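Inspection log for the structure reproduced underneath, given as structure tokens.
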Amino acid sequence: MDIQNKVAIIGGGSWATANIKMLADNTTEKEIFWWMRNADAVEHIRQFKHNPNYLSSVEIKLPKENISTDLKYIISQAQFILLNVPAAFLKEALTGITAEDLKGKFIVSAIKGIVPDENQIIGEFLNQHYNIPFEHFLVLSGPCHAEEVALEKLSYLTIASGDPELAHWFAGLINTRYIQTIVSDDIYGTEWAAVLKNIYAVASGICHGIGYGDNFQAVLISNAIRELKRFVDAAHPIDRDIKESAYLGDLLVTAYSQFSRNRTFGNMIGKGYTVTSAQLEMNMIAEGYYAVNCLHQVNKQYKVNMPICEAVYAILYKKKAPTPQMQYLASQLS
């Protein structure tokens, strides 16, 4: 396989910044390119080597000319295209990009979300709209908060691909002393698990916000992993171990961590914030908000029993009061 170590990161948020750090700290020789929409941020990074808006403690070790607001140019320079924008804004971010621009590229999704309107996980969306073959698609997942990458806390990432050689190759570009990598062939399961764990983290936050304690949280999450397994087995029935870190590990860290924006969002909803006011105060995207609506639509096809997801959907989209909704959910858990 003819592979070039040229990687382009698409997105300017905290996880994109953490990905830049991982790639730069890895010792394999490579060239890294970075696209973000915000021209002021690009100029600041070129001059001061820090992202002014996210993880500002991280030193950006890239040549000035490799950071740009010109998406076509950045994509043209690399073979690995690492997508790292919120799923809700992916279509907007790719405006003007054609299937021809992405032809022959390896597309890596670090997006833990689902494309609204299309109700598709990222691999399906790219395959249908940009003719990206699934053998050229990789998923970057696992229990790994950007804030801990910035602090160089030991973290584990899973790279999923239908092509084991390709997965191992990309893993070799991000391994560092603080990043361990695991290779998987389950692109569907890891993508869906990343979508669902954000919804369960919103549920966890809501429960915390209305006053449930750690004992109930443990029951909630033990039910959540079973609910997740039911869905991914229905959506893509293969032999997988749901206890692996890409599934259970990612769910646990997102449901419990102080860095989890989905848990924070849910906590605010539980305390009485409206969706709009919570989003404004956070000033960050909680993927679980968009994901639960998409999942509600997708599950009309699979008809999987998903009481936790339905409770979150009822609160966020049907404007149901959090306390009685979670009390009803509690009666369904085991």
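Keep in mind that this is a model prediction, so the values were computed, not measured.
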Inset, instruction - Check whether any side-chain heavy atom of H145 sits under 4.5 Å from a side-chain heavy atom of S260, and report yes or no. - result: yes
Legend entry - D186 and I238: CA distance, side-chain angles, deciding distance, side-chain contact (heavy atoms from CB on, under 4.5 Å) verdict: CA-CA 8 Å; D186 186 14; I238 64 168; 3.6 Å; yes
Legend entry - Side chain N119, main chain Q297, donor-acceptor under 3.5 Å: no
Inset, instruction - Without swapping roles, check the side chain of T190 against the backbone of I187 for a donor-acceptor pair under 3.5 Å. - result: yes
Legend entry - Same apolar cluster: Y317 and I285, side chain cutoff 4.5 Å: yes
Inset, instruction - Give a yes or no on whether the backbone of I315 and the side-chain of K318 come within a donor-acceptor separation of less than 3.5 Å. - result: no
Inset, instruction - Spell out, as yes or no, whether a donor-acceptor pair under 3.5 Å connects the side chain of R263 to the backbone of A255. - result: yes
Inset, instruction - State the NE2-CD1 distance between H136 and I81, to the nearest 0.5 angstrom. - result: 12.5 Å
Inset, instruction - Kindly compute the distance separating OH (Y188) from CD (E124), expressed to the nearest 0.5 Å. - result: 5.0 Å
Inset, instruction - For residues I206 and N267, determine if any side-chain heavy atom of one lies less than 4.5 Å from a side-chain heavy atom of the other. - result: no
Inset, instruction - Mark yes when over 12 heavy atoms from residues, nucleotides or ligands other than K103 sit less than 6.0 Å from its NZ; otherwise mark no. - result: no
Legend entry - Main-chain N/O of G123 paired with E191 side-chain donor or acceptor, under 3.5 Å: yes
Legend entry - H50 side-chain N/O to S56 backbone N/O, donor-acceptor pair under 3.5 Å: yes
Legend entry - Residues, nucleotides or ligands: over 12 heavy atoms within 6.0 Å of K153 NZ: no
Inset, instruction - State which residue, out of E147, E152, E148, E59, fulfils the salt bridge (Lys or Arg N to Asp or Glu O under 4.0 Å) condition with K21. - result: E152
Inset, instruction - Without swapping roles, check the side chain of Q332 against the backbone of P307 for a donor-acceptor pair under 3.5 Å. - result: no
Inset, instruction - Could you point out which residue of T27, T28, N26 forms a side chain to side chain donor-acceptor pair (under 3.5 Å) with K30? - result: N26
Legend entry - Heavy-atom donor-acceptor pair, S277 side chain to Y273 backbone, under 3.5 Å: no
Inset, instruction - Check the surroundings of atom CG in N215: do more than 12 heavy atoms from other residues, nucleotides or ligands lie under 6.0 Å from it? - result: no
Legend entry - Least distance between heavy atoms, C294 atom then V115 atom: SG-O, 4.3 Å
Inset, instruction - Using a 4.5 Å cut-off on heavy atoms from C-beta on, say whether the side chain of I60 contacts that of T17. - result: yes
Inset, instruction - State yes or no: are the ring centers of F33 and F80 separated by less than 6.0 Å? - result: no
Legend entry - Heavy-atom pair with the smallest gap, counting every atom of C144 and V253: N-CG1, 4.4 Å
Legend entry - Spacing of T254 atom OG1 and L196 atom CG [to the nearest 0.5 Å]: 11.5 Å
Inset, instruction - Would you give the length of the straight line joining atom NZ of K197 to atom CG of N262, rounded to the nearest 0.5 angstrom? - result: 6.5 Å
Inset, instruction - Determine whether more than 12 heavy atoms belonging to other residues, nucleotides or ligands lie under 6.0 Å from atom NE2 of H208. - result: no
Inset, instruction - Search all heavy atoms of W34 against all heavy atoms of A16 and return the closest pair with its distance. - result: NE1-CB, 4.3 Å
Legend entry - Shortest non-hydrogen contact between P86 and I111, atoms and distance: C-CG2, 4.4 Å
Inset, instruction - Decide yes or no on side-chain contact (heavy atoms from CB on, under 4.5 Å) for N223 and S334, but give the supporting numbers first. - result: CA-CA 7 Å; N223 278 264; S334 62; 3.8 Å; yes
Legend entry - Residue pair N131 / A99: nearest heavy atoms and the distance that separates them: ND2-CB, 3.8 Å
Legend entry - Taking every non-hydrogen atom, the tightest pair across A8 and I74: CB-CG2, 3.6 Å
Inset, instruction - Give a yes or no on whether D70 atom CG has more than 12 heavy-atom contacts from other residues, nucleotides or ligands under 6.0 Å away. - result: yes
Legend entry - CD1-NZ distance between I210 and K271, expressed to the nearest 0.5 angstrom: 10.5 Å
Legend entry - Carboxylate-amine/guanidinium proximity below 4.0 Å for D25 and R177: no
Inset, instruction - State, with a plain yes or no, whether a side-chain heavy atom of Y289 is found less than 4.5 Å away from one of Q279. - result: yes
Legend entry - F134 and F137 aromatic ring geometry - parallel, tilted or perpendicular at 30°/60° bounds: perpendicular
Legend entry - Joint cluster assignment, L228 & Y256, ILVMFWY side-chain distance < 4.5 Å: yes
Inset, instruction - Check whether any side-chain heavy atom of W192 sits under 4.5 Å from a side-chain heavy atom of V298, and report yes or no. - result: yes
Legend entry - Q325 side-chain N/O to A314 backbone N/O, donor-acceptor pair under 3.5 Å: no
Inset, instruction - Give a yes or no on whether E29 atom CD has more than 12 heavy-atom contacts from other residues, nucleotides or ligands under 6.0 Å away. - result: no
Inset, instruction - Consider only side-chain heavy atoms of I, L, V, M, F, W and Y, link residues closer than 4.5 Å, and tell whether M306 and I221 are in one cluster. - result: yes
Legend entry - Whether K105 side chain and A78 backbone form a donor-acceptor pair below 3.5 Å: yes
Legend entry - Spacing of N38 atom CG and N53 atom CG [to the nearest 0.5 Å]: 6.0 Å
Inset, instruction - Kindly determine whether I114 and F125 satisfy side-chain contact (heavy atoms from CB on, under 4.5 Å), including the steps that lead there. - result: CA-CA 9 Å; I114 187 169; F125 173 77; over 6 Å; no
Inset, instruction - Side-chain contact test, heavy atoms from C-beta onward, threshold under 4.5 Å: evaluate it for N51 versus V58 and give yes or no. - result: no
Legend entry - Close side-chain approach of R240 and D233, heavy atoms under 4.5 Å: yes
Legend entry - Residue pair V202 / F265, side-chain heavy-atom distance below 4.5 Å: yes
Legend entry - V85 with L71, same ILVMFWY side-chain cluster at under 4.5 Å: yes
Inset, instruction - Consider only side-chain heavy atoms of I, L, V, M, F, W and Y, link residues closer than 4.5 Å, and tell whether M22 and F106 are in one cluster. - result: yes
Legend entry - side-chain contact (heavy atoms from CB on, under 4.5 Å) between Y212 and L220, intermediate numbers included: CA-CA 10 Å; Y212 283 94; L220 177 73; over 6 Å; no
